[in-house]
Amino acid sequence: MALFGKPSARKPEAKSGDRKPAREPKVMSARELAQAASRKGKAVALEPLGLTSMRGPSVIDWSTAPKSIEVAETSGGLSPVLENAALLFANGQDVAAREMLEQGVASDPETRLSPLAWLALFDLLQRAGDRDAFDRLAMQFVVGFERSAPSWDESAKAGTGEHPAGGGYIAVTGRLSDASASQLEGLRRALEKCVPRARLDLSSVTGFDDAGARLLANELGRARSQRMELAIQRPEKLRRALEEAVAKGREGGEGAWLLSLELMQWAHEQEAFDERALAFAIAFELSPPSWEPPPDASRRPQPVSVPPAASSVVRDRDVVAFDGVLAGASPPALERLADVAARNPQVHVDMRSVERVDFVCAGALLNAIARIESQGKAVQIEAVSPIVRALLLLVGISPRHFVRKID
């Protein structure tokens with residue numbers, strides 16, 4: 001018996017001509033991106049539901065083992081185009097989401113057959129205030145589906161202050177930089193069309209560099225010069241960061257100073273503006289911007305409020321109303337949901353006033369629903385807009401949670 005085995009034969013080295021060509025990098029879909037983000041724990045930490053189900057267009061399937069996202073091979077109302085558009089919208093890229101859906105319903109067979117994709121595009125056109133494009137799409141929808149198209153919501157034009165009329169909704173997310181130009185494209189288009197009013201949501205801005213601060217300051221300056229009534233929503237976090245930069249003097253960067261002066265104009269803070277303008281002139285040896293504030297939306301005549309119809313009154317204490325932009329892993333809205341669920345066997349979530357849900361918050365909502373259902377309770381989501389519904393379906397919230405059917 002041999003004590004030592006024979007040495008393994010070396011494999012002959014492949015000749016350069018025999019080498020297989022390198023594989024081209026695979027382009028990840030929205031589903032795969034969601035899966036990868038969850039596995040790395042960067043975007044959202046999601047918990048398994050403990051049950052495996054295949055309910056229509058829910059694209060993420062959960063099981064107890066392994067404890068990771070398993071993407072179900074089912075499309076339902078979600079096409080890859082709609083999935084990517086939903087992620088773009090969740091990230092504040094409204095214009096890119098709209099363009100993707102417009103191309104999808106025109107040329108992608110799967111998207112063209114998805115009523116939810118069409119309804120999401122109607123949703124984006126309504127938000128942008130583009131009535132002409134909405135009407136053109138409605139004609140195509142009627143021909144393609146042989147059913148009535150959604151009607152233009154005239155009540156969307158009657159907003160004031162927080163919800164001004166005649167314009168679109170623009171959100172800036174992440175760190176302000178040159179890359180934020182795509183998110184501000186909606187504001188540029190509104191200015192080109194001389195839209196009288198619009199909304200700019202800054203709640204999800206996490207920081208800025210000098211180029212990004214200058215970019216936003218320039219766009220706000222253009223809006224002022226055109227006398228646009230621009231409702232700047234939730235700028236508090238950004239303004240605190242700007243104050244920290246300005247406190248460093250010249251080292252804080254000229255962009256931070258200019259943006260802080262611009263936001264003071266939009267807030268009609270003349271006394272603070274005059275003091276900062278003088279400090280700017282001393283620090284940078286440059287002429288500061290002039291005090292030319294935009295129109296004060298709070299002084300416009302307010303419409304007469306109409307008492308709500310009986311059917312729209314909050315019915316019971318088991319109704320939780322979400323509104324505005326839901327962002328992050330633990331927004332106050334989810335705390336209210338948990339509080340109401342603790343006292344009721346069934347919870348109705350009213351999302352008619354929700355502007356946007358980001359990807360992290362969508363995952364947190366999925367976790368919250370899972371925890372409530374593990375206690376033998378039920379959650380129903382009412383009046384969610386189509387583009388937001390697409391995102392919630394993408395992260396794995398089941399269609400059975402939505403009270404109003406899409407198709």
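Index from 1, following the sequence.
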(message) Could you check whether Arg222 pairs with Glu219 (Lys NZ or Arg NE/NH1/NH2 to Asp/Glu carboxylate O, under 4.0 Å)?
(response) yes

(request) Identify the two heavy atoms, one from Ser204 and one from Ala327, that lie closest to each other, and give their separation to 0.1 Å. (result) OG-CB, 3.7 Å

(message) For Arg276, is there an ion pair with Glu271 - N to carboxylate O distance below 4.0 angstrom?
(response) no

(request) Determine the minimum heavy-atom distance between Leu263 and Ile232, stating which atoms define it. (result) CD2-CD1, 4.0 Å

(message) Assess whether a salt bridge exists between Asp123 and Arg127, defined as any Lys/Arg side-chain N lying under 4.0 Å from an Asp/Glu carboxylate O.
(response) yes

(message) If we ignore hydrogens and angles and just use 3.5 Å, is the side chain of Asn344 paired with the main-chain N or O of Val347 as donor and acceptor?
(response) no

(message) Minimum heavy-atom separation for Pro115 and Arg147, please, with both atom names.
(response) CB-NH1, 4.3 Å

(request) Flag the pair Arg343 and Asp339 as a salt bridge only when some basic side-chain nitrogen lies within less than 4.0 angstrom of an acidic carboxylate oxygen. (result) yes

(request) Indicate the atoms forming the closest heavy-atom contact of Ala321 with Arg336, along with that distance. (result) O-NH2, 2.9 Å

(request) Write down the atom of Val357, the atom of Ala362, and the distance for their closest heavy-atom approach. (result) CG1-N, 3.7 Å

(message) Between Arg214 and Asp210, does any side-chain N to carboxylate O distance fall below 4.0 Å?
(response) yes

(request) May I ask you to decide whether Arg239 forms a salt bridge with Glu236, counting only side-chain N to carboxylate O separations under 4.0 Å? (result) no

(message) When you measure from the side chain of Ser180 to the backbone of Gln183, do you find a donor-acceptor pair of N or O atoms at a distance under 3.5 Å?
(response) no

(request) Keeping the roles fixed (side chain from Gln346, backbone from Lys377), state whether a donor-acceptor pair exists under 3.5 Å. (result) no

(message) Quick test of your reading of the model: are Glu102 and Arg98 salt-bridged, counting only N-O distances below 4.0 Å?
(response) yes

(message) Can you tell whether the side chains of Glu254 and Lys248 come within less than 4.0 Å, N to carboxylate O?
(response) no

